[in-house]
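As structure tokens, the structure follows; a few thoughts come after it.
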Amino acid sequence: SLGFNASRQSVLSDEATTSQASPIATLQADDTLTQASLAPSTLWQITERDKLQIGLSYGITDYDLEFTSRSDTTSVGGNFSYSRSLTERQAIGVTGFISTSDAERRARLPVEVIPPTVPPTFVTIEGEVTTDSTSSFITFDYDYALSESSTLSISYGLQDSTTESITKLL
């Protein structure tokens, strides 16, 4: 199968932003969000008792406005699932997933002038914030059909997630 999605929409935001011309916070209500994703997958019936499913995914999110707390994001992922029927009532399987995501946004950072003054004086410095994330998991499954409508499922798995965020001054 092949999943595809594309959209472009206006975004109403309650994020307060300031400009150099006016220190008064204003609402940004004119941003545009563009999203696209592609997710192919396939299922193989390897034997009468064995099934394997593999899928991939790719997605992008892009905001037109800069200097908001929203990030432009690119993500890539993959998954697999294997199951084997041991008997008519019992099956075992393994499922895995990995995903990476890279996000970028421009930011305006207020910095206090040194030496300090009364009242404090701030200048705005522009920067770029990048965030890289990786997530993965694997589970091992056992299923036992108690009846036609009830199944006992036991799963054991491991999961790992890491995120690194870096701010660079421009």
Side-chain angles (χ1 to χ4, degrees), residues 1-15 17 28-107 109 127-168 170:
S1 69
L2 178 63
F4 175 74
N5 180 41
S7 67
R8 186 168 172 87
Q9 57 194 1
S10 295
V11 178
L12 179 62
S13 172
D14 63 353
E15 296 174 344
T17 60
Q28 293 288 346
D30 58 352
D31 204 355
T32 301
L33 167 63
T34 304
Q35 292 180 304
S37 64
L38 181 65
S41 66
T42 189
L43 173 66
W44 289 289
Q45 185 76 42
I46 300 168
T47 68
E48 188 175 298
R49 296 172 26 168
D50 298 287
K51 287 190 279 188
L52 176 65
Q53 181 173 8
I54 296 175
L56 301 171
S57 63
Y58 175 78
I60 59 168
T61 301
D62 180 62
Y63 291 93
D64 285 348
L65 288 182
E66 301 288 339
F67 304 110
T68 68
S69 65
R70 297 180 297 268
S71 298
D72 297 337
T73 306
T74 302
S75 61
V76 177
N79 63 70
F80 76 93
S81 177
Y82 169 78
S83 65
R84 178 171 180 84
S85 297
L86 300 174
T87 67
E88 283 189 30
R89 299 179 84 165
Q90 296 181 75
I92 58 172
V94 61
T95 301
F97 174 82
I98 187 165
S99 173
T100 63
S101 176
D102 300 320
E104 292 182 2
R105 70 181 176 93
R106 292 177 60 95
L109 310 167
E128 183 174 88
V129 180
T130 57
T131 304
D132 299 325
S133 303
T134 302
S135 298
S136 61
F137 75 82
I138 188 165
T139 60
F140 301 94
D141 308 304
Y142 172 79
D143 294 326
Y144 183 80
L146 299 170
S147 68
E148 288 185 24
S149 61
S150 298
T151 301
L152 169 68
S153 295
I154 300 172
S155 296
Y156 174 78
L158 303 169
Q159 178 177 343
D160 181 54
S161 296
T162 58
T163 300
E164 178 183 31
S165 187
I166 299 171
T167 302
K168 296 179 190 173
L170 300 177

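Among all heavy-atom pairs drawn from Glu48 and Gln45, the shortest one is O-NE2, 3.4 Å. Listed here is the closest heavy atom pair of Arg105 and Arg70: CB-O, 3.4 Å. For the residue pair Thr73 and Ser71, the shortest heavy atom distance occurs at OG1-O, 3.5 Å. Residue Val129 comes nearest to Thr167 through the heavy atom pair CG2-OG1, 3.7 Å, listed as atom of the first residue, atom of the second, then distance. Here the closest non-hydrogen pair linking Ser41 and Gln53 is OG-NE2, 4.3 Å.
Between Phe140 and Ile92, every side-chain heavy-atom pair lies at or beyond the 4.5 Å cut-off. Proximity of Asn79 to Thr95: side-chain heavy atoms (C-beta onward) are nowhere separated by under 4.5 Å. Under the 4.5 Å side-chain criterion, counting only non-hydrogen atoms from C-beta, Asp102 is not in contact with Thr130. Residues Tyr144 and Ile154 have side chains not in contact (no heavy-atom distance under 4.5 Å, counting atoms from C-beta outward). Looking at Leu2 and Leu38, their side chains come closer than 4.5 Å, going by heavy atoms from C-beta outward.
The backbone N or O of Ala145 lies less than 3.5 Å from a partner atom in the side chain of Arg89, making a donor-acceptor pair. The closest donor-acceptor contact from the side chain of Arg8 to the backbone of Thr34 lies at 3.5 Å or more, if one exists at all.
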Exercise for review: Evaluate side-chain contact (heavy atoms from CB on, under 4.5 Å) for Thr100 paired with Thr74, printing each intermediate quantity in order.
Suggested key: CA-CA 8 Å; Thr100 63; Thr74 302; over 6 Å; no

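Under the side chain to side chain donor-acceptor pair (under 3.5 Å) criterion, Thr131 pairs with Ser165, sequence neighbours left out. Remark: Tyr63 engages no residue in a side chain to side chain donor-acceptor pair (under 3.5 Å) (not counting sequence neighbours). Judged as a salt bridge (Lys or Arg N to Asp or Glu O under 4.0 Å), and not counting sequence neighbours, the contacts of Asp50 are Arg84.
Rounding to the nearest 0.5 Å places CG of Leu52 at 4.5 Å from CD1 of Ile46. In this structure, the separation between CZ on Arg106 and CD on Glu104 is 10.5 Å, given to the nearest 0.5 Å. Taking CG from Leu33 and OG from Ser7, the interatomic distance works out to 6.0 Å, rounded to the nearest 0.5 Å. With rounding to the nearest 0.5 angstrom, the CD1 atom of Ile166 is 10.5 Å from the CD atom of Glu128. Separating the CG atom in Asp132 from the OG atom in Ser101 is a distance of 8.0 Å, to the nearest 0.5 Å. From Ser75, atom OG reaches atom OH of Tyr58 across 8.5 Å, with rounding to the nearest 0.5 Å.
Ring-centre distance between Phe97 and Phe137: below the 6.0 Å cut-off.
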